[in-house]
2 protein chains.
Amino acid sequence: MNTNKLFSEEQKKAARYAKAMAHPVRMYVLELLSKQSCCYSGDLSEVLPIAKSTLSQHLKELKDAGLIQGEIESPKIKYCLNKENWEEAKQLFKNRFNL
Amino acid sequence: MNTNKLFSEEQKKAARYAKAMAHPVRMYVLELLSKQSCCYSGDLSEVLPIAKSTLSQHLKELKDAGLIQGEIESPKIKYCLNKENWEEAKQLFKNRFNL
DNA sequence: TTCGTAGTTCGCAAACTTACGAACTAAATT
DNA sequence: AATTTAGTTCGTAAGTTTGCGAACTACGAA
């Protein structure tokens with residue numbers, strides 16, 4: 001399917017963000033971060049019933065989608081929302097669906 | 001992964017709704033319906049660059065997720081948002097992310 | 001310099017998604 | 001009864017996602 005002209009960039013972005021949210025683990029992480037600003041991936045690892053490698057994969061997806069960012073605080077990594085993109089995502093959803 | 005106790009039902013629902021939105025075609029349909037209350041799948045078929053069978057599949061996903069409902073108006077089918085679930089989805093997103 | 005901690009990458013398997021065309025169903029029209 | 005219209009279902013192919021454990025990297029502490 002050639003999507004070049006048929007969907008707006010905004011629709012594609014909104015769908016992309018929705019995809020990043022489309023898994024309970026990732027929803028959990030986003031929800032946590034939207035409430036407490038930061039967390040360590042070790043803390044997530046303790047609480048979530050998945051292998052570390054799997055968690056790492058989910059965090060990578062959130063990073064690739066632009067919704068979170070990690071900061072090294074050796075030996076841990078501190079994750080926060082990427083505020084700019086997070087605001088964009090919220091705006092996209094609000095505008096589309098008048099939430 | 002056993003998700004029985006680890007994520008709230010609400011997180012799972014929210015992720016489920018996000019998944020339904022996680023494709024440009026489905027985002028397009030939802031956006032349209034949130035703006036104009038109804039549409040015929042034939043109209044969508046004319047405007048979207050995908051095979052009828054593929055569109056049918058996407059509409060089925062939205063139906064299965066509970067976000068839309070179809071009503072037969074022979075020989076066409078009229079689609080609308082499923083208002084109850086749509087409100088639920090919006091509420092879930094608002095509450096989670098204080099949008 | 002070796003060890004432990006924290007996290008990532010690799011390789012793989014199983015399941016799911018996306019897309020298509022062909023064949024099908026259901027109902028209204030001719 | 002045959003045709004047309006509108007949409008669904010089936011079978012299939014290619015690609016993506018989810019998950020795991022094992023092997024790896026990076027780096028601070030002993």
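The analysis underlying the following values was restricted to heavy atoms, covering all of them including side chains, and did not include hydrogens, waters or symmetry mates. Below, chains carry the letters A, B, ... as their sequence lines are ordered, and counting in each starts from 1.
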Problem set entry | Value in whole Å for how far the C1' atom of dT5(D) lies from OH of Tyr40(B) | 15 Å
Problem set entry | Spacing of Glu73(A) atom CD relative to dG28(D) atom P, expressed in whole Å | 13 Å
Exercise. With a 4.0 Å cut-off, would you call Lys12(B) and Glu9(B) a salt bridge?
Worked result: yes
Problem set entry | Side-chain donor-acceptor pair present, Glu88(A), Tyr17(A), cut-off under 3.5 Å | yes
Problem set entry | Gln36(B) atom CD, neighbour heavy-atom count above 12 within 6.0 Å | yes
For this session: Classify every nucleotide of nucleotides 25-30 of chain C by which part a protein heavy atom approaches to under 4.0 Å, writing B for the base, S for the sugar-phosphate alone and - for neither, in 5'-to-3' order.
Result: --SS--
Under 3.5 Å, which donor-acceptor pairs do the side chains of residues 60-70 of chain A form with other protein atoms, sequence neighbours left out?
| from | atom 1 | to | atom 2 | distance (Å) |
| --- | --- | --- | --- | --- |
| Lys60(A) | NZ | Asp64(A) | OD2 | 3.0 |
| Glu61(A) | OE2 | Arg26(A) | NH1 | 3.4 |

Exercise. So which nucleotide from dC20(C), dC16(C), dG7(D) ends up closest to the side chain of Lys19(B)?
Worked result: dC16(C)
Exercise. Salt bridge between Glu31(A) and Lys35(A), side-chain N to carboxylate O under 4.0 Å?
Worked result: yes
For this session: To the nearest Å, give me how far apart CG (Leu48(A)) and C1' (dG19(D)) are.
Result: 14 Å
Seminar exercise, completed: Contact check, residues 51-62 of chain B vs DNA chain D, heavy-atom distance under 4.0 Å, returns Lys52(B), Ser53(B), Ser56(B)
Problem set entry | Listed nucleotide nearest any side-chain atom of Arg26(A), set dG7(C), dT8(C), dT18(D) | dT18(D)
What donor-acceptor contacts under 3.5 angstrom involve side-chain atoms of residues 38-56 of chain A, with partners at least two apart or in another chain?
| from | atom 1 | to | atom 2 | distance (Å) |
| --- | --- | --- | --- | --- |
| Tyr40(A) | OH | Glu73(A) | OE1 | 2.7 |

Exercise. Nearest-Å distance, OH (Tyr28(A)) to P (dT18(D))?
Worked result: 18 Å
For this session: Round to the nearest Å and state the distance from His23(A) atom NE2 to dA15(C) atom C1'.
Result: 12 Å
Problem set entry | Gap between atoms CG and C1', on Leu44(A) and dG7(C) respectively (whole Å) | 12 Å
Problem set entry | Counterpart residues, side chain to side chain contact (heavy atoms under 4.5 Å, CB included), relative to Lys19(B) (two or more places apart) | Ala22(A)
Problem set entry | Distance in angstrom units between Ile77(A) CD1 and dC27(D) P, rounded | 11 Å
Problem set entry | Glu87(B): side chain to side chain contact (heavy atoms under 4.5 Å, CB included) partners, not counting sequence neighbours | Lys90(B)
For this session: With rounding to the nearest 0.5 Å, note down the distance linking OH in Tyr28(B) to OG in Ser8(A).
Result: 10.0 Å
Exercise. Rounding to a whole Å, what distance do you find between Lys78(B):NZ and dT5(D):P?
Worked result: 23 Å
